[in-house]
Amino acid sequence: RLINGKIERASAVHSRIRRVIAQSGYAGGGRKKQSALTFLLIKREDLLDNPDAHDVLCEQALERAAFDMRASMRILRIKPEAGISGAEMLGSGASGAITLGTFRFTSENFNFPLVCLNSYSTTPLISAVECDDLAGIHLVLAHLKALGHERIAFFNDHAFDWRNKAHPRRELVPSAYAGAGLSSSPELLFGEDFKSGEHLPVIEKAARRFLSLNPRPTALVLASDIYAPCFYEALRSRGIRIPQDMSVFGFDNYLVSAMLSPSLSSVRKPFETMAREALSLLIERIANPDASIKRIIVHPELVLRASTAPP
């Protein structure tokens, strides 16, 4: 069923099956096919294999794209602080590489066909495929404003740094507010650094601050869906109904979004499109190493569910 395309959303197990199939060169019907190329997928060693995480969703989409485009994918995990070694890539036997996440690049990397996927790379010498997160925020704010919301709070999972353009979803929020004709006063924007898994006290702090404002925000935007369950609990424990008293909008469209009650409106990245664009770009660079550097930007879309309503 997997080979014949009868399984729509691949699980982590299905992804591993696809990887084995691709590496074996099996084409179905008892035939074997020759892979057009072998490429590396370079991942950060410190990222967990959460089946709902962006990197995992990108990896699964790449596996499907590689299978359809007759390519073989190998995975290379590295420590982010170590950077990517051009020598290691050249010695892998692969024709090129696609990176997931943010890495430190050196000049030796540029001698190897390389494409960054979903990494917000600011390196002008490496081709990249990215999703326009800022456009996603514009869509969210425009939708909430159309519903009648004027006081919209934003929860950020990093301290704001307006000089940093590398993560537009998190650093360019005020410009998105301005573009939507909304106030981005500091009291509406909460951002704080914290370690993975230590978000609960920070969410409690943010909820207290937002609910102490007068007038209180009527909508809340989260930098990622993963914080929604804790925010739901923090709001409900204070007597706030979703969406009657406060609308909540997430980002990333994780599986948990549809399982919450009420189900969470969110922003979805087109991972399948991004994966195919990245692999096509890599194939182009392998065929023509002197091809111009390209940056392909794809646009997200809104997934409207039950957590948003007019104020």
Side-chain angles (χ1 to χ4, degrees), residues 52 54 131-158 160 168-192 199-269 299-311:
D52 221 12
H54 266 191
C131 185
D132 192 341
D133 280 356
L134 189 58
I137 295 179
H138 277 290
L139 290 173
V140 171
L141 295 178
H143 176 73
L144 291 173
K145 185 179 180 182
L147 288 177
H149 296 280
E150 293 290 338
R151 296 270 293 173
I152 302 174
F154 189 94
F155 174 77
N156 198 21
D157 51 8
H158 292 283
F160 284 104
R169 184 194 317 182
R170 294 170 168 86
E171 312 306 345
L172 303 182
V173 174
S175 67
Y177 271 72
L182 295 165
S183 168
S184 61
S185 59
E187 64 183 8
L188 292 173
L189 307 181
F190 182 97
E192 187 169 309
H199 54 276
L200 183 56
V202 180
I203 287 174
E204 285 286 333
K205 179 179 176 181
R208 286 196 302 270
R209 193 178 97 177
F210 290 146
L211 296 181
S212 70
L213 299 178
N214 188 16
R216 189 176 67 200
T218 59
L220 169 64
V221 180
L222 308 177
S224 177
D225 294 353
I226 59 176
Y227 307 116
C230 292
F231 261 108
Y232 272 34
E233 179 60 30
L235 294 175
R236 284 172 173 154
S237 67
R238 292 166 172 82
I240 303 299
R241 299 169 301 164
I242 303 168
Q244 294 91 334
D245 301 320
M246 183 175 288
S247 288
V248 181
F249 216 112
F251 211 107
D252 294 333
N253 195 41
Y254 286 151
L255 289 175
V256 68
S257 308
M259 300 176 184
L260 292 172
S261 180
S263 55
L264 179 69
S265 294
S266 190
V267 178
R268 175 168 56 203
K269 286 188 175 185
H299 294 280
E301 59 184 4
L302 299 185
V303 181
L304 301 179
R305 297 191 178 99
S307 66
T308 49

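Being a predicted model, the structure only gives us computed values, none of them experimental.
Atom NE2 of His143 is separated from atom OG of Ser247 by 8.0 Å, given to the nearest 0.5 angstrom. The structure places CD of Glu204 at 5.5 Å from CG of Leu200, a figure rounded to the nearest 0.5 Å. Atoms CZ and CZ, from Arg238 and Phe210 in turn, are 12.0 Å apart once rounded to the nearest 0.5 Å.
Residues forming a side-chain hydrogen bond (donor to acceptor under 3.5 Å, both in side chains) with Thr218 (at least two apart in sequence, or on another chain): His149. Contacts of Lys145 classified as side-chain hydrogen bond (donor to acceptor under 3.5 Å, both in side chains), with partners at least two apart in sequence or in another chain: none. With sequence neighbours excluded, no residue forms a salt bridge (charged side-chain N to carboxylate O under 4.0 Å, His left out) with Arg208. Contacts of Glu150 classified as salt bridge (charged side-chain N to carboxylate O under 4.0 Å, His left out), with partners at least two apart in sequence or in another chain: none.
Across Pro311 and Gly148, no two heavy atoms sit closer than the pair CG-O, 3.5 Å. Across every non-hydrogen atom of Phe251 and Gly136, the tightest pair is CE1-C, 4.0 Å. Counting all heavy atoms, side chain and backbone alike, Asp252 lies closest to Ala223 at OD2-O, 4.3 Å. Taking all atoms of both residues into account, the shortest heavy-atom contact from Ala207 to Phe231 is N-CE2, 4.3 Å. Taking both residues in full, the closest heavy atoms of Leu189 and Ser184 are given as CD1-O, 3.8 Å, listed atom of the first, atom of the second, then distance. Across all their heavy atoms, Pro262 and Ile242 have their closest contact at CG-O, 3.5 Å.
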Query - Verdict with reasoning, Ile226 to Val256, per side-chain contact (heavy atoms from CB on, under 4.5 Å) - result: CA-CA 8 Å; Ile226 59 176; Val256 68; 5.9 Å; no
Query raised in the report: Taking it one step at a time, do Leu182 and Leu144 satisfy side-chain contact (heavy atoms from CB on, under 4.5 Å)?
Result: CA-CA 10 Å; Leu182 295 165; Leu144 291 173; over 6 Å; no
Requested in this report: Take Leu188 and Ile152 through the test side-chain contact (heavy atoms from CB on, under 4.5 Å) and record every step on the way to the result.
Outcome: CA-CA 7 Å; Leu188 292 173; Ile152 302 174; over 6 Å; no
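Applying the salt bridge (Lys or Arg N to Asp or Glu O under 4.0 Å) rule to pairs touching residues 300-311 yields Arg268-Glu301, sequence neighbours excluded. Sorted pairs that involve residues 209-225 and meet salt bridge (Lys or Arg N to Asp or Glu O under 4.0 Å), not counting sequence neighbours, are lacking altogether.
At least one side-chain heavy atom of Leu304 sits less than 4.5 Å from a side-chain heavy atom of Phe249. Tyr254 has its side chain out of reach of Ser266: every pair of non-hydrogen atoms, C-beta onward, lies at least 4.5 Å apart. Side-chain contact between Val267 and Val303: absent, with no pair of heavy atoms (C-beta onward) separated by less than 4.5 Å. Looking at heavy atoms from C-beta onward, Leu211 lies in side-chain contact with Ile240 at the 4.5 angstrom threshold. Between Val248 and Leu235, the closest side-chain pair of non-hydrogen atoms falls below 4.5 Å. No side-chain heavy atom of Leu260 sits under 4.5 Å from any side-chain heavy atom of Ser307. Two residues are said to be in side-chain contact when any heavy atoms from C-beta on lie closer than 4.5 Å; Tyr227 and Val202 fail this criterion.
The main-chain N or O of Leu264 is never found under 3.5 Å from a side-chain atom of Ser257 such that the two would form a donor-acceptor pair. Remark: side-chain polar atoms of Arg151 are paired, donor with acceptor, to backbone N or O of Pro215 under 3.5 angstrom.
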